[in-house]
Amino acid sequence: MLEKERTNRQGSEAPIEKDASGWIAKNSGLIATHVAVLLFGLVGLFAKVVALPAIILVLGRTFFSSAFLGAYLAVKRQKFALKTRGDYVLIIFAGIILAIHWTSFMQSIQVSTVAVGTLTLATFPLFSAVLEPLLFHEKMRASDIVCALVMLGGVACIVDDFSLEGSMAQGVLWGLLSAFTYALLSLANRKFSSGYPASLVSFYEQATATVVLLPALFVLKPSFTALDIGMLAIMGIVFTAIAHTLFIGGLRTVKVRTAGIITGLESVYGVVAALLFLGEIPGIREVIGGAIILVVALYSTLASTRSN
């Protein structure tokens with residue numbers, strides 16, 4: 001009798017385990033995308049936890065990430081050569097922009113809060129709406145202009161003191177520079193997306209950023225602890241290189257529209273992580289402004305993918 005009950009119980013559990021593993025396998029791309037965006041959202045914590053200047057943080061991040069990506073591509077026997085001389089010039093330009101983008105993002109968080117840095121970064125569609133039609137000779141849509149103006153209103157909500165001496169104002173300005181350079185970087189990557197693997201593009205951009213930022217090591221002469229180096233390695237390998245690889249891998253099965261919506265969660269993850277680990281409680285102005293920015297960014301993503 002007991003043996004029969006045990007057999008029946010095992011038989012009923014087997015389909016559940018099979019269904020669970022089947023669901024994971026079917027949605028592996030979606031899971032990978034969510035994990036990648038979560039890791040991206042947590043990067044801002046390093047700006048507060050590691051006591052190093054923003055530019056040194058980014059130098060460590062690009063060094064470890066580019067080294068990991070270079071080893072990954074070598075194992076895969078990926079060709080490193082680009083097709084034209086113009087591609088080398090453009091990818092070096094993109095690497096310089098990447099260095100400015102990540103440094104201004106980290107600086108925004110260091111002078112203000114994780115919430116301010118991540119939420120102002122989410123305004124990059126505001127700049128893309130203006131730059132993309134100009135650079136690619138596309139028609140500028142009235143809805144994009146409206147979205148940009150509404151986003152500016154969201155940014156204005158975050159700032160409680162508009163003087164340049166205020167930490168919030170400084171954080172927003174650095175964050176807007178980060179968003180602007182991210183828009184430029186995205187447009188440069190649009191040029192490469194059809195001709196090269198994303199991992200190869202990332203390797204070149206991050207290796208270039210490492211070379212560009214290297215002089216800061218000799219100018220600032222920071223002192224590193226073993227913990228600092230370990231944190232930089234984790235940020236570069238896990239939260240940058242592996243996160244990027246997961247995100248690109250997820251795009252094989254996840255629609256671009258869905259990935260764009262998930263990416264909007266990066267700011268949410270960053271704010272929640274700062275609340276849990278750093279005790280940074282966003283004020284009502286940050287909540288309202290952030291909600292406006294995220295809603296408009298979500299709408300812009302949906303509208304863009306629908307038109308495509």
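Values reported hereafter were calculated over all heavy atoms of this structure, with side chains retained and with hydrogens, waters and symmetry mates removed. Note that the structure is predicted; figures quoted are calculated from it, not measured.
Residues satisfying the ring-ring contact (aromatic ring centres under 6.0 Å, His included) test with Tyr269, not counting sequence neighbours, are none. Listed by chain and residue number, nothing satisfies the side chain to side chain contact (heavy atoms under 4.5 Å, CB included) test with Ala67 (two or more places apart in sequence, or in another chain). Judged as a ring-ring contact (aromatic ring centres under 6.0 Å, His included), and not counting sequence neighbours, Phe40 has no contacts. Residues meeting the ring-ring contact (aromatic ring centres under 6.0 Å, His included) test with Phe80, sequence neighbours left out: Phe203. For the ring-ring contact (aromatic ring centres under 6.0 Å, His included) test, no residue two or more places apart in sequence or in another chain qualifies with Phe68. Listed by chain and number, the residues in a side chain to side chain contact (heavy atoms under 4.5 Å, CB included) with Ser65 are Leu69, Gln206, Thr240, Ala241 (sequence neighbours excluded). Remark: Val35 pairs with Ile31, Leu39, Leu246 by the side chain to side chain contact (heavy atoms under 4.5 Å, CB included) rule, at least two apart or across chains.
Here the straight-line distance linking atom CE of Met235 with atom CG of Leu42 works out to 12.5 Å at 0.5 Å rounding. Once rounded to the nearest 0.5 Å, the distance linking OG1 of Thr33 with CG of Leu38 reads 12.5 Å. In this structure, CD1 on Ile100 lies 10.5 Å from CG on Leu185, to the nearest 0.5 angstrom. The distance from atom CD1 of Ile234 to atom CD1 of Ile242, rounded to the nearest 0.5 Å, is 10.5 Å.
When atom types are taken as modelled, the side chain of Glu205 and the backbone of Ser202 share no donor-acceptor pair closer than 3.5 angstrom. A donor-acceptor pair under 3.5 Å links the side-chain atoms of Thr62 to the main chain of Val58, judged by distance alone. Although no hydrogens or angles enter the test, the distance criterion places no donor-acceptor pair under 3.5 Å between the side chain of Gln170 and the main chain of Ser108. Of the possible donor and acceptor atoms, none in the side chain of Ser178 sits under 3.5 Å from a partner among the backbone N and O of Ser104.
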List, one per line, each side-chain donor-acceptor pair under 3.5 Å for residues 46-54, sequence neighbours excluded.
unit_1 : atom_1 : unit_2 : atom_2 : d
Lys48  : NZ     : Ile109 : O      : 3.0
Lys48  : NZ     : Ser112 : O      : 2.9

Got a list of side-chain donor-acceptor pairs under 3.5 Å for residues 290-298, not counting sequence neighbours?
none

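At a threshold of 4.5 Å between non-hydrogen side-chain atoms, the residues Met168 and Val116 count as touching. Side-chain contact between Leu177 and Gln107: absent, with no pair of heavy atoms (C-beta onward) separated by less than 4.5 Å. Between Leu45 and Leu278 there is a side-chain heavy-atom pair separated by less than 4.5 Å. Side-chain contact between Val114 and Val271 is absent, with no heavy atoms from C-beta onward closer than 4.5 Å. Contact annotation: the side chain of Thr181 never approaches that of Trp102 to less than 4.5 Å [non-hydrogen atoms, C-beta and beyond]. Annotation: side chain of Thr84 is in contact with side chain of Asp87 (closest heavy-atom distance under 4.5 Å). With a 4.5 Å cut-off on side-chain heavy atoms, Phe127 and Leu184 do not count as touching. In this structure, the side chains of Leu73 and Ser199 come closer than 4.5 Å at one or more pairs of heavy atoms.
Side-chain heavy atoms closer than 4.5 Å link hydrophobic residues (I, L, V, M, F, W, Y) into clusters, and following such links, possibly through other members, connects Phe224 to Leu227. With hydrophobic clusters built from ILVMFWY side chains whose heavy atoms lie under 4.5 angstrom apart, Val75 does not share a cluster with Tyr196. Follow the hydrophobic side-chain contacts under 4.5 Å out from Ile96 and you never reach Val89; the two are in separate clusters. Criterion: ILVMFWY side-chain heavy atoms under 4.5 Å apart, direct or through other members. Under it, Val287 and Val272 are not part of a common hydrophobic cluster.
In plain terms, the two heavy atoms of Pro197 and Gln78 that are nearest each other are CG-OE1, 3.7 Å. Smallest separation of non-hydrogen atoms from Tyr204 and Leu82: CE1-CD2, 3.9 Å. Summarising the geometry of Ala36 relative to Ala243, their closest heavy-atom pair is CB-O, 3.2 Å, with the distance given to 0.1 Å. Scanning all heavy atoms of the two residues, the minimum distance from Leu98 to Ala209 falls at CD2-CB, 4.4 Å. Closest approach of Ser167 to Val111, counting heavy atoms only: CB-O, 3.2 Å. Closest non-hydrogen pair, Leu119 versus Ser267, comes out as CD2-CB, 3.9 Å.
Ile281 belongs to a hydrophobic cluster whose remaining members, ordered by chain and number, are Leu275; membership requires side-chain heavy atoms of ILVMFWY residues under 4.5 Å apart, directly or through intermediates.
Within the structure, salt bridge (charged side-chain N to carboxylate O under 4.0 Å, His left out) contacts touching residues 56-85 (residues at least two apart or in different chains) do not occur. Listed by first then second residue, pairs satisfying ring pair (Phe, Tyr, Trp, His ring centres under 6.0 Å) with a partner in residues 82-101 read His101-Tyr182, not counting sequence neighbours.
Annotation: Trp174, atom CH2; neighbour count of heavy atoms from other residues, nucleotides and ligands within 6.0 Å does not exceed 12.
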Start with the C-alpha gap between Thr208 and Val211, add the side-chain angles, then the distance that decides, and say whether side-chain contact (heavy atoms from CB on, under 4.5 Å) holds.
CA-CA 5 Å; Thr208 300; Val211 174; 5.8 Å; no

Full working for side-chain contact (heavy atoms from CB on, under 4.5 Å) between Met106 and Val43:
CA-CA 9 Å; Met106 291 296 191; Val43 165; 3.5 Å; yes

